[in-house]
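For reference, the structure discussed in these notes is given below.
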Amino acid sequence: MSKLPGVVVNGVSGRMGQMLVKLVSENKAMQLVGALERSGHEWIGQDVGVAMGGAELGVLVSDNPLEVMAKAQAVIDFTVPAATVAMAELAAQARAVHVIGTTGLSDDDLAKIKAASRHSVVVRAGNMSLGVNLLVQLTKQVAAALDADFDIEIVEAHHRHKVDAPSGTALMLGEAAADGRGVSLATVKDSGRDGITGERKRGDIGFSAIRGGDIVGEHDVIFAGEGERIVLRHMATDRAIFARGALKAALWGQGRKPGEYNMLDVLGL
Ligand SMILES: NC(=O)C1=CN([C@@H]2O[C@H](COP(=O)(O)OP(=O)(O)OC[C@H]3O[C@@H](n4cnc5c(N)ncnc54)[C@H](O)[C@@H]3O)[C@@H](O)[C@H]2O)C=CC1
Ligand SMILES: O=C(O)C1=N[C@H](C(=O)O)C[C@H](O)C1
């Protein structure tokens, strides 16, 4: 019997789900042991590889997380908030590492995930790429070096199917900027400007979202001063960057103490 960690992918038919199935099944350090989708999905009962249009992988798509999680040492979850919160409890029961890429989680969702992390390792990040996590650290550093004479604006662009805004990445960058300035993001966040907004408030951190076409994910952190402007930019052109981070997190979490971690922990940044 193989001793490789068994990995379940949640939301296998999704943009990220399919990328994750491909990378997990190709990875020599882990084995794909489960493929989950929502009840009623047309892929339920089919081999996941075949459903994706490729070769058989020997794993059937299931809508029974309880049964599937019994075989798992890790679950990688890029789905929707309700599915992720439900999975947090099951992963905790199974003592499996729960890698969460899902964004748009409410404060209530986050509290439930935190409660589950008393029993399991949870690695959660709005962006699992190496590049963005480096950008998070750079943003914090630049924000700490400059005062509020520099206005911070975060501009993000994503494909037309994205349902949440600001993006999870934009919020990570906003948190990092606020942290660098020694303030809480909640007190300075300015998103969704429309109409007669009045002048910009000194110290605010602004957010703007663009949605269109097939943009994978682009983020600018702008520090706009008088007579000069610094722009830190990340451009994703391939979803594999997020999936690679998630696989790394699933392996990194094995045997670790229960608790909540992020990609800075995983990447040692
Ligand atoms: N943290 C990161 O690095 C990244 C995060 N994301 C986030 O991941 C999430 C998913 O993104 P996409 O793959 O583009 O979306 P998608 O809409 O293509 O995929 C979501 C999948 O979840 C499935 N799903 C819904 N309810 C479910 C349930 N109860 N059980 C199992 N599966 C269920 C859907 O059927 C769908 O296949 C979003 O929140 C997105 O923002 C996306 C890319 C990178
Ligand atoms: O929905 C997406 O596609 C992405 N979501 C994440 C986010 O909300 O920041 C990460 C990435 O930008 C792609």
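Everything numeric here is computed off the predicted structure, so don't read it as measured data. Order of listing sets the numbers, starting from 1, for every ligand and every atom in it.
Proximity of Ala82 to ligand 1, defined as any heavy-atom pair under 4.0 Å, is not found for any part of the residue. Of all the heavy atoms of Asn10, the ones lying under 4.0 Å from any atom of ligand 1 belong exclusively to the side chain. In Thr103, the part holding a heavy atom less than 4.0 Å from any atom of ligand 2 is the side chain. Residue-level proximity to ligand 1 for Thr103 is carried by backbone and side chain together, each with a heavy atom below 4.0 angstrom. Contacts between Arg15 and ligand 2, counted as non-hydrogen atom pairs separated by less than 4.0 Å, are absent for every part of the residue. For His161, no heavy-atom contact with ligand 1 is shorter than 4.0 Å.
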I would like to know whether Asp77 and His98 meet side chain to side chain donor-acceptor pair (under 3.5 Å); could you show each step before the answer? CA-CA 7 Å; Asp77 184 351; His98 190 187; 2.9 Å; yes
Side chain to side chain donor-acceptor pair (under 3.5 Å) between His158 and Ser167, intermediate numbers included: CA-CA 8 Å; His158 284 89; Ser167 68; 4.5 Å; no
Verdict with reasoning, Asn133 to Met172, per side-chain contact (heavy atoms from CB on, under 4.5 Å): CA-CA 9 Å; Asn133 282 278; Met172 278 168 74; 3.5 Å; yes
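Two residues are said to be in side-chain contact when any heavy atoms from C-beta on lie closer than 4.5 Å; Glu37 and Asp63 fail this criterion. The closest side-chain heavy-atom distance from Val48 to Leu32 is below 4.5 Å. For the pair Met87 and Thr102, the minimum side-chain heavy-atom distance is 4.5 Å or more. Proximity of Trp252 to Asp265: side-chain heavy atoms (C-beta onward) are separated by under 4.5 Å at one or more points.
Considering backbone and side-chain N/O atoms, Gly17 never comes within less than 3.5 Å of an N/O atom of ligand 1. Distances between N or O atoms of His159 and those of ligand 1 include no value under 3.5 Å. Taking distance alone, with nitrogen or oxygen atoms compared against 3.5 Å, Arg239 stays at or beyond that limit from ligand 2. Checking only distances, Leu36 never comes within under 3.5 Å of ligand 1, N or O to N or O. Geometrically, ligand 1 and Ala83 share no nitrogen or oxygen pair separated by less than 3.5 Å. By the 3.5 Å distance cut-off applied to N or O atoms, Lys162 is counted among the residues near ligand 2. Annotation: His41 places no N or O atom under 3.5 Å from an N or O atom of ligand 1; distance criterion only. Of the N or O atoms in Phe242, none lie within a sub-3.5 Å distance of an N or O in ligand 2. Distances between N or O atoms of Thr102 and those of ligand 1 include no value under 3.5 Å. Of the polar atoms of Gly101, at least one N or O is found under 3.5 Å from an N or O of ligand 1, judged by distance alone. On a distance-only criterion, Met16 and ligand 1 share at least one N/O pair closer than 3.5 Å. For the pair Arg239 and ligand 1, the shortest N or O to N or O distance does not fall below 3.5 Å. For a threshold of 3.5 Å applied to N or O pairs, the pair formed by Gly126 and ligand 1 contains at least one separation below that value.
With values rounded to the nearest 0.5 angstrom, Ile152 atom CD1 is found 10.5 Å from Leu173 atom CG. Separation of atoms OH (Tyr261) and CZ (Arg124) is listed at 15.0 Å; rounding is to 0.5 Å. Between the CG atom of Leu130 and the CG atom of Leu135 there is a distance of 11.0 Å, given to the nearest 0.5 Å. From Leu247, atom CG reaches atom CD1 of Ile76 across 4.5 Å, with rounding to the nearest 0.5 Å.
Side-chain atoms of Asp108 and Ser106 form no donor-acceptor pair, as typed in the model, at a separation below 3.5 Å.
Using a 4.0 angstrom heavy-atom cutoff, Ser13 counts as in contact with ligand 1. Ligand 1 has at least one atom lying under 4.0 Å from a heavy atom of Lys162. In this structure, Met16 does not count as a contact residue of ligand 2, since none of its heavy atoms falls inside 4.0 Å of the ligand. Heavy atoms of His159 approach ligand 2 to within less than 4.0 angstrom. Residue Ala125 places a heavy atom less than 4.0 Å from ligand 1. Under the 4.0 angstrom criterion for non-hydrogen atoms, Leu171 is not in contact with ligand 2.
Residue Gly126 has at least one heavy-atom neighbour below 4.0 Å for each of these atoms of ligand 2: 6 (C), 7 (C), 9 (O), 10 (C). Below 4.0 Å from some heavy atom of His219 lie the following atoms of ligand 2, by number and element: 12 (O). Taking every heavy atom of Ser167 and a limit of under 4.0 angstrom, the matching atoms of ligand 2 come to 7 (C), 8 (O), 9 (O). Atoms of ligand 2 found under 4.0 Å from any heavy atom of Thr169, numbered from 1 in the order shown, are 7 (C), 9 (O), 10 (C), 12 (O).
In terms of protein heavy atoms, atom 7 (C) of ligand 2 is closest to Gly168 N, 3.4 Å. For atom 37 (O) of ligand 1, the nearest protein heavy atom (residue, atom name, distance) is Glu37 OE2, 2.5 Å. Regarding atom 18 (O) of ligand 1, its nearest protein heavy-atom neighbour is Arg15 N, 2.8 Å. Shortest contact from atom 19 (O) of ligand 1 to any protein heavy atom: Gly14 CA, 3.3 Å. In terms of protein heavy-atom proximity, atom 27 (C) of ligand 1 is nearest to Arg38 CB, 3.5 Å. The protein atom (non-hydrogen) at minimum distance from atom 20 (C) of ligand 1 is Phe78 O, 4.0 Å. Summary of contacts: the protein heavy atom closest to atom 3 (O) of ligand 1 is Met128 N, 2.8 Å.
Under a 4.0 Å N-O distance rule, the pair Arg211/Glu156 qualifies as a salt bridge. The pair Asp190-Lys201 does not count as a salt bridge, with every side-chain nitrogen at least 4.0 angstrom from each carboxylate oxygen.
More than 12 heavy atoms of other shown residues, nucleotides or ligands fall within 6.0 angstrom of atom CD in Glu26. Other residues, nucleotides and ligands place more than 12 heavy atoms under 6.0 Å from the CZ atom of Arg256. Other residues, nucleotides and ligands contribute over 12 non-hydrogen atoms within 6.0 Å of the CG atom of Asp149. Within a 6.0 Å radius of NZ in Lys114, other residues, nucleotides and ligands contribute 12 heavy atoms or fewer. Dense packing is recorded around CD of Glu260, with more than 12 heavy atoms of other residues, nucleotides or ligands lying under 6.0 Å away.
Nearest to atom 4 (C) of ligand 2 by heavy-atom distance, out of Met128, Met172, His158, is His158. Ranked by closest heavy atom to atom 38 (C) of ligand 1, the top entry among Val80, Val132, Thr79, Ile100 is Thr79.
Hydrophobic clustering (ILVMFWY, side-chain heavy atoms < 4.5 Å, transitive): Val99 and Leu105 are in distinct clusters.
The minimum heavy-atom distance between Leu20 and Ala246, with the atom names listed, is CD2-CB, 4.0 Å.
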